Amino acid sequence: MLAVTIACAQPVTIKTTTILDGKGHVLKNKQIVVEGSRIAGISGAKGRATYDLSGLTVMPGWIDTHTHLSWHFNKDNRLDQGGRGSKETPEETALYVEGNAYATLLGGFTTIQSLGAGIDGPLRDLINRGILPGPRILTSLRSVNENTGTPEQIRAYVRKMKDDGADVIKLFATKSIRDGGAQSMTDEQIRAACGEATALGLRSVVHAHASAGAKAAILAGCTSIEHGAFLDDATLQLMADRGVYFDPNFLVLHNYLENKPKFLGIGNYNEEGFAYMEKAVPLMADVLKRAMAHHVKIVLGTDAVAGAHGRNAEEFIYRVKDGGQPPMEAIVSGTSLAAEALRLQDKIGAVQEGLEADLVAVEGNPLDDITAVRHVVFVMKGGKVYKNMGGAR
């Protein structure tokens, strides 16, 4: 059954057999005590539990550091992002976006970073108020690119983004992979965007496929490099040396190829663009392997667009099976390390006393078979249960 928004008014106990704590440890036969929205304690299992998750694998709620909640397929089964050019009313778009958020939550992701749509802000706020169900959302609201203006205009734009409620600054240092991925913003523009974000206490995440744009962003003090299909070893080492996070994405490429008819003919979603994306699939596996060899901080993000929401956990599978990432490292990348990248490590990302009670349970064990992440049967966010198909209350 689905149990939507059951608040834990009284202390709640959760019996477990196996916990992957999000920091690389396996805990056996523990009881998690939840008070309000937080984990109050973890001890040996004893007595009767409110929720019995025995036989399942319990983890911290997963974190996706790169999504696009506003992207969806409309009634014509074609890509629609709402806003200008959309065939929908704003009300219809809003319902699609909330549907994407809810599907993402039920898929085990209790926190996401949605990069680039104004509707993310109101949705974030309504979820935070408990009005709508959904994952915890951080958003850039919009993005910076080469057309935003001069360095000074970019600094002003970044300040406006913060004033409007952005949690993070998103910038496009390179072109889309469908256009070859070459550097598009100048070094000066990149320095202005990342430098102003840092001065305002905000993080900055950078769309960068090729090394030139990524290197400029790393040297500018940006927080994270997204995608990176064409990064060379020197850039990866620089990223490791500077402590910059790396978010390669597999799911988005596979999702585009699987849903090609729904995108084809819209903007740069042409045959040439799809050919670039098909060639990028093995490149992404290669760059992930090289990033691991350079000990880069690799976080989990999907770049989820239309067709991918609710299937975000497939990213774990691609990274393990195609990229060769050890299963435990993949889980850590989508829990404690992702929380650190979002500067939320004191709130989420681990099964740990004092942190938010964000928990996901799956049938099977991802350490033995990573495809277990597809079988989510229990989701708790902030002490509230949103999905319960195995641990009856």
Side-chain angles (χ1 to χ4, degrees), residues 1-8 12 14 16 20 22 34 37 50-53 56-73 94-114 119-120 123-124 126-139 251-252 255 259 300-318 331 334-335 338 348-349 351 356-364 366 370-393:
M1 71 172 182
L2 294 183
V4 180
T5 318
I6 299 175
C8 300
V12 163
I14 302 170
T16 72
L20 307 184
V34 175
S37 70
T50 313
Y51 296 99
D52 188 348
L53 303 183
L56 305 174
T57 301
V58 177
M59 290 162 275
W62 298 326
I63 302 169
D64 188 336
T65 64
H66 191 148
T67 70
H68 295 279
L69 281 179
S70 66
W71 292 42
H72 59 278
F73 296 131
L95 291 171
Y96 275 113
V97 177
E98 163 54 15
N100 287 340
Y102 188 48
T104 302
L105 177 64
L106 295 188
F109 285 79
T110 53
T111 301
I112 63 170
Q113 185 164 246
S114 190
I119 197 171
D120 294 341
L123 179 59
R124 170 198 62 193
L126 287 170
I127 290 173
N128 286 345
R129 289 173 54 200
I131 305 299
L132 292 174
R136 188 177 295 104
I137 296 175
L138 291 85
T139 175
L251 174 58
V252 66
N255 181 73
N259 290 287
L300 187 125
T302 62
D303 194 15
V305 295
H309 303 294
R311 302 195 304 117
N312 310 61
E314 294 295 311
E315 185 73 25
F316 288 116
I317 299 171
Y318 288 125
I331 297 299
T335 52
I348 60 172
V351 181
E356 288 291 300
D358 291 0
L359 302 170
V360 57
V362 302
E363 292 180 335
I370 191 62
T371 63
V373 298
R374 289 175 175 155
H375 307 299
V376 173
V377 296
F378 183 88
V379 177
M380 172 184 278
K381 176 195 150 205
K384 296 179 181 179
V385 174
Y386 290 85
K387 185 176 188 177
N388 180 22
M389 299 172 65
R393 184 168 185 167

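Below, each value reflects all heavy atoms present in this structure, side chains not excepted, and no hydrogens, waters or symmetry copies. Positions are given from 1 along the sequence. What you see is a predicted model, and the numbers here were worked out from it, not measured in a lab.
- In terms of heavy-atom proximity, G134 sits nearest to L105 at N-CD2, 3.7 Å.
- Judged purely by atom type and a 3.5 angstrom limit, H72 uses its side chain to pair as donor or acceptor with the backbone of S70.
- Shown are N100, N128, V97; of these, the side-chain contact (heavy atoms from CB on, under 4.5 Å) with L123 is made only by V97.
- Between the S37 side chain and the G383 main chain, no donor and acceptor come within less than 3.5 Å of each other.
- Among V351, V362, D358, the one residue that satisfies the side-chain contact (heavy atoms from CB on, under 4.5 Å) test with M59 is V362.
- Side-chain N or O atoms of T139 include one that pairs as donor or acceptor with a backbone N or O of S114 at under 3.5 Å.
- Within the 4.5 Å cutoff, no side-chain heavy atoms of E315 are placed close to those of D64.
- Minimum interatomic distance between T302 and N312 (heavy atoms only, all atoms of both residues): CG2-O, 3.5 Å.
- No donor-acceptor pair under 3.5 Å is formed between the side chain of K387 and the backbone N or O of G107.
- Here the closest non-hydrogen pair linking Y102 and Y386 is OH-O, 4.5 Å.
- Although no hydrogens or angles enter the test, the distance criterion places no donor-acceptor pair under 3.5 Å between the side chain of N255 and the main chain of L251.
- Counting only N and O atoms by type, the side chains of Q113 and T65 include no donor and acceptor under 3.5 Å apart.
- Of the possible donor and acceptor atoms, one in the side chain of H309 sits under 3.5 Å from a partner among the backbone N and O of H68.
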